[in-house]
Enquirer: 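One structure coming up, written as structure tokens, with questions to follow.
Please read these numbers as outputs of a predicted model, since none were measured by experiment.
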Amino acid sequence: MTDTAENAPGFRFDNSYARLPERFHARLDPTPVSTPGLIRVNHALAIELGLDADALAASSDILAGNRVPQGAEPLAQAYAGHQFGNFVPQLGDGRAILLGEVIDREGRRRDIQLKGSGPTPFSRNGDGRAALGPVLREFIVSEAMHALGIPTTRALAAVTTGEFVRRDRMLPGAVLTRVAASHIRVGTFQYFAVRGDLEALRLLVDHVIARHYPDLADVENPALALLGAVAERQASLVARWMHVGFIHGVMNTDNVTVSGETIDFGPCAFMEAFNVNTVFSSIDEQGRYAFGNQGGIANWNIARFAETLLPLIDDDADKAIAAATGVVQDFGARFRDHWLGGMRAKLGLATAEDGDLALVQALLAAMQQNGADYTLTFRRLASLLGGGDVPRDLFIDPTAFDAWAEGWHARLDREGRTPAEVAAAMGAVNPAFIPRNHRVEQAIVAAERGGDFTPFERLMAILARPFDDQPDAADFAEPAPPGEEVRQTFCGT
């Protein structure tokens, strides 16, 4: 039901997407649940959004979808998408409902969405619900990504539903309140392109530019400029994923936001022992979205975005293709620049030299050949400069690290900074703590089986400070011990 009384948490909705034509979405309320129970409210994010965090924590009925706050205009968004390379002309929000948009304390427009809120016209025979495990995984990983400084959707709150959902077994249900700059995807453009709906595409281009790229408002060719801007943000985003060993797992075009935020954390995972071919997703049987493929897949996804914009780039098809192709072909260089720039920072390099790519590649090759942990190797490089833990012990053959380190020290010497200065800079970009897969799984299992959220809360507290040394949590910085490795992660659908 809709809340016609005072909006206690203080949502001040201004719903621009709801003002787009009806073919952009389906209007419906969330489906109520039996007994909502609060798991967690992200107080800092609530305050950032201009909400009363304490009142929000007392509003499990709103967070579960049992009560629609005043000013909300609930809807499910329509979109299409390439899923593992296969085009599906209609996907859409099958288990998520956008309550509306708020303007946060910094003047930014933010979506408030309930995920797991019941069936929609896009559910394709699904139940529209979410299990507790995937909700906790998204809460943990999305907030960890934010703490790591990577653009991402955020988790505002999570509640249990008092109901069970049927997957491979009966699982406790939950609802996540997700916050995003928007939920507009490459697949949103594909939805209208495949229908030949040029009016909708023009409206969508205008909406996205006004919302995410206002500096493009007066450019001569808005569609082409938008393609370049989205390509730039995606190149930066995916490079930053790889800097922390993140593997998205489902880089389908319906999971590519035009805002440049990370979205959808189903079978995602963080790599431990470095290997470019690492795959965790149980549904990625061919390794399409393996760690080392992510830059190329991002390029492929941008090409699909370009295809949707061709009629708006130029009336002359050949000219449109030539202009769009230039952006698509430039993506590889954009990505390499972002990736190499970040890898220089991880190695403590403040300047650029021609041999830097070879230096990075030599370390990664040695890590792969010797099973070295990705996160710990870079963290210990910084520690090494301060006389602390050394990375060589992470290598099966420590002399492989020694041989590489000679060239690294020589490269640092040419910059002339003190070891303390370099170590401080490296410590600010090389995390000590990431969401290790076994730790995420431990938190999920404790909550699912015994209703114990203590491991979840502890993990959240540790991951909120990923660059800080936390001696009392040192074991959380270590890879999984033998027998506790998590080698597969699963989509939460």
Side-chain angles (χ1 to χ4, degrees), residues 82-85 133-134 136-153 234-257 260-301 335-336 338-339 342-343 346 360 364-365 367-368 371-379 430-431 433-441 443-444 459 463 466 477 479-480 484-493:
H82 277 88
Q83 298 196 317
F84 289 89
L136 295 183
R137 177 180 293 276
E138 179 153 351
F139 208 126
I140 292 166
V141 180
S142 64
E143 287 305 299
M145 294 287 272
H146 172 71
L148 288 165
I150 298 172
T152 179
T153 59
Q234 283 295 319
S236 172
L237 176 67
V238 177
R240 292 166 84 172
W241 290 354
M242 297 180 72
H243 293 151
V244 296
F246 178 73
I247 304 169
H248 187 281
V250 277
M251 288 179 65
N252 299 328
T253 56
D254 55 293
N255 289 336
V256 178
T257 63
E261 288 184 320
T262 313
I263 193 170
D264 286 338
F265 295 88
C268 69
F270 282 77
M271 178 172 58
E272 293 194 326
F274 179 77
N275 189 316
V276 293
N277 299 315
T278 301
V279 175
F280 286 95
S281 171
S282 64
I283 56 177
D284 191 5
E285 296 178 354
Q286 304 302 315
R288 176 180 174 88
Y289 300 142
F291 175 78
N293 291 346
Q294 292 181 121
I297 288 296
N299 200 163
W300 191 91
N301 289 338
F335 172 76
R336 284 190 296 274
H338 284 295
W339 178 79
M343 295 305 291
K346 288 177 74 67
V360 172
L364 296 178
M367 290 168 66
Q368 179 152 333
D373 184 89
Y374 186 76
T375 301
L376 284 182
T377 296
F378 285 99
R379 185 70 178 186
N430 289 309
F433 299 94
I434 58 168
R436 299 271 179 184
N437 305 323
H438 68 296
R439 293 297 186 180
V440 175
E441 191 65 21
I444 289 172
L459 185 58
L463 295 175
E484 294 186 27
E485 301 95 338
V486 175
R487 303 190 183 282
Q488 271 198 326
T489 49
F490 299 88
C491 184
T493 301

Enquirer: Ignoring hydrogens, what is the shortest heavy-atom contact between A269 and T489? Give both atom names and the distance.
Expert: CB-CG2, 4.2 Å
Enquirer: State which residues pass ring-ring contact (aromatic ring centres under 6.0 Å, His included) with F270; sequence neighbours excluded, sorted by chain then number.
Expert: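 Counting only residues at least two positions away or on another chain, F270 forms a ring-ring contact (aromatic ring centres under 6.0 Å, His included) with F246.
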Enquirer: Any non-hydrogen side-chain atom of V250 less than 4.5 Å from a side-chain atom of I283?
Expert: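 A side-chain contact under 4.5 Å exists here.
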Enquirer: So, for F490 and S282, which heavy atoms are closest and what is the spacing to 0.1 Å?
Expert: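 Shortest heavy-atom separation between F490 and S282 comes out as CD2-OG, 3.1 Å.
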Enquirer: What distance do E441 atom CD and E484 atom CD have between them, rounded to the nearest 0.5 Å?
Expert: 11.0 Å
Enquirer: For the atom pair CZ (R288) and OG (S281), what is the distance rounded to the nearest 0.5 Å?
Expert: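 R288 atom CZ to S281 atom OG measures 12.5 Å (nearest 0.5 Å).
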Enquirer: With D284, which residues qualify under salt bridge (Lys or Arg N to Asp or Glu O under 4.0 Å), at least two apart?
Expert: none
Enquirer: According to salt bridge (Lys or Arg N to Asp or Glu O under 4.0 Å), who are the partners of E485, at least two apart in sequence or on a separate chain?
Expert: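 Partners of E485 by the salt bridge (Lys or Arg N to Asp or Glu O under 4.0 Å) criterion, ordered by chain and then number, come out as R487.
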Enquirer: Residues in side-chain hydrogen bond (donor to acceptor under 3.5 Å, both in side chains) with T253, at least two apart?
Expert: Q190
Enquirer: Once you round to the nearest 0.5 Å, how far does CE of M145 lie from CD1 of I434?
Expert: 11.0 Å
Enquirer: Taking only residues two or more places apart in sequence or in another chain, which ones pass side-chain contact (heavy atoms from CB on, under 4.5 Å) with P479?
Expert: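 Listed in chain order: E272, D373, L376, R436.
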Enquirer: Looking at V276, is its backbone amide N or carbonyl O close enough to the side chain of Q368 to form a donor-acceptor pair, meaning the two atoms are under 3.5 Å apart?
Expert: yes
Enquirer: Can you name the nearest heavy-atom pair linking G287 to N293, along with the distance?
Expert: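 Distance-wise, the nearest heavy atoms are O-ND2, 2.9 Å.
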Enquirer: With sequence neighbours left out, what residues match D264 under salt bridge (Lys or Arg N to Asp or Glu O under 4.0 Å)?
Expert: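 D264: salt bridge (Lys or Arg N to Asp or Glu O under 4.0 Å) contacts with K115, R178, R185.
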Enquirer: Tell me every residue that passes side-chain contact (heavy atoms from CB on, under 4.5 Å) with A372, counting only those two or more places apart in sequence or in another chain.
Expert: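 Residues passing side-chain contact (heavy atoms from CB on, under 4.5 Å) with A372: M367, T377, L394, F395.
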Enquirer: For the residue pair F265 and H248, does the interplanar ring angle fall in the parallel (under 30°), tilted (30 to 60°) or perpendicular (over 60°) class?
Expert: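 F265 vs H248 ring planes: tilted.
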Enquirer: Which residues satisfy the side-chain hydrogen bond (donor to acceptor under 3.5 Å, both in side chains) test with T257, sequence neighbours excluded?
Expert: S259
Enquirer: If we ignore hydrogens and angles and just use 3.5 Å, is the side chain of R240 paired with the main-chain N or O of L148 as donor and acceptor?
Expert: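 The answer is no, because no donor-acceptor pair under 3.5 Å joins these two groups.
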Enquirer: Measuring from atom CG of N301 to atom CE of M251, what distance do you get when rounded to the nearest 0.5 angstrom?
Expert: 5.5 Å
Enquirer: Distance from T278 atom OG1 to I247 atom CD1, nearest 0.5 Å?
Expert: 5.0 Å
Enquirer: Heavy atoms, side chains only, cut-off 4.5 Å: are L237 and T262 in contact?
Expert: yes
Enquirer: Are any non-hydrogen side-chain atoms of L459 and P435 less than 4.5 angstrom apart?
Expert: no
Enquirer: For the atom pair CE (M271) and CG (N277), what is the distance rounded to the nearest 0.5 Å?
Expert: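 Going from CE on M271 over to CG on N277, the span is 10.5 Å.
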Enquirer: Please name the pair of heavy atoms, one in V238 and one in G295, separated by the smallest distance, quoted to 0.1 Å.
Expert: CG1-N, 4.0 Å
Enquirer: Please list, chain by chain and in numerical order, all residues satisfying side-chain contact (heavy atoms from CB on, under 4.5 Å) with A239, sequence neighbours excluded.
Expert: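 Expected list: H243, F335, H338, W339.
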Enquirer: Who are the ring-ring contact (aromatic ring centres under 6.0 Å, His included) partners of Y289, not counting sequence neighbours?
Expert: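 Y289: ring-ring contact (aromatic ring centres under 6.0 Å, His included) contacts with F84.
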Enquirer: Per the salt bridge (Lys or Arg N to Asp or Glu O under 4.0 Å) rule, what does the pair list look like for residues 141-151, sequence neighbours excluded?
Expert: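 Only E143-R154 qualify under salt bridge (Lys or Arg N to Asp or Glu O under 4.0 Å).
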Enquirer: side-chain contact (heavy atoms from CB on, under 4.5 Å) with N430: which residues, sequence neighbours excluded?
Expert: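 K346, F378, M426.
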